[in-house]
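This report refers to the structure that appears directly beneath it.
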Amino acid sequence: MQFLVYILAFPLLWLISILPFRLFYLFSDFVYFLVYRVIGYRKKVVRENLALTLPHLSDAERKQIEKKFYKHMCDMFLEMIKTMSISPEEMEKRFHVTNIDLVLDYAKKGKSVILVASHYASYEWLLTINPKIGFKGIAVYKKLANPYFDKLIRNIRSKYNTEMIETRKAIPTMAQNQRDGILSMYGLASDQSPKLDRIFHSMKFLGIEVPVHTGAEMLAKKYDLSVIMVKVKKVARGYYEATFLPIADNPKEFNDFEITERYLNEVEKQILETPEFYLWTHKRWKHRVK
């Protein structure tokens, strides 16, 4: 059954990917209508998250953010499909890195790094930076249940020579690369809610005390990896700008959880500045600390 679903869906995904951008975003508007107006996908979760974290805004203001978020979410997920066929030249126009020199400096020093990112703006197109960074690019991800779609997603995300590894393989991969002297950049999305058996720290995130992921910090200290953050900004529909920000050059010198809090404080600033580009459909605040 999983294979049948895949072979039925793949031609449609390919057709979507080759649409000219004008038609592509018209199709995204149609998807938005279905997802938001007809299906109401996770609308209750989104509204609860917005009310919980943005109580200073009026209902009308939060409703506007909600609508803008769903439009952006549809764009973003379809843009991942667009990666199947988009040319490197077109991608270069649409996803611009403002300070790639910061990353190249780490490569010149021979220092592997952990890149922490959030589910904000275009975290899918972020993988296209790999040819520019001077490192072996490795993205840690959660495997999909459908093996055929999992392979498709890995192929899409690996188009720019990014190696995709499952979460459980992160530590063995880092250890092996360190032994082999392979200069690497490990990308981790570290802003969502951790599993209950992986909770080591909590902090206030958008005003709510919640458990937070600490894996990036722990790995950075274990393998002496510098930590940098990437902030992605949506400058226009289909156009993004990424900026790197140093978080910790010598992680072992930081107090426990200080690196994690530095990173999430930066994520919070970005969300409060333009909240509609955050992924509000996740149940980020489901395990609130009383």
Answer yes or no: is there a donor N or O on one side and an acceptor on the other, between the side chain of Ser202 and the main chain of Pro211, under 3.5 Å?
no
Within this structure, what is the OH-CD distance for the pair Tyr120 and Glu276, rounded to the nearest 0.5 Å?
6.5 Å
Without swapping roles, check the side chain of Glu92 against the backbone of Ser87 for a donor-acceptor pair under 3.5 Å.
no
At what distance, to the nearest 0.5 angstrom, does CZ of Arg47 lie from CD1 of Ile65?
13.0 Å
Could you measure the distance from the OG1 atom of Thr53 to the CH2 atom of Trp280? Nearest 0.5 Å is fine.
3.5 Å
Side-chain donor/acceptor of Asp191 to backbone N/O of His119, under 3.5 Å
yes
To the nearest 0.5 Å, what is the distance between CD1 (Ile16) and CE (Met84)?
9.5 Å
Would you say Ile171 ends up clustered with Met164 if hydrophobic residues are merged whenever their side chains have heavy atoms under 4.5 Å apart, either directly or through other cluster members?
no
Taking the basic N atoms (NZ, or NE/NH1/NH2) and the acidic carboxylate oxygens, is any pair closer than 4.0 Å for Glu266 and Lys269?
yes
N/O donor-acceptor pair under 3.5 Å between Lys109 side chain and Leu104 backbone
no
Separation between CZ (Arg198) and OG1 (Thr167), nearest 0.5 Å, reads 10.5 Å
Ser17 side chain vs Trp14 backbone, donor-acceptor pair below 3.5 Å
yes
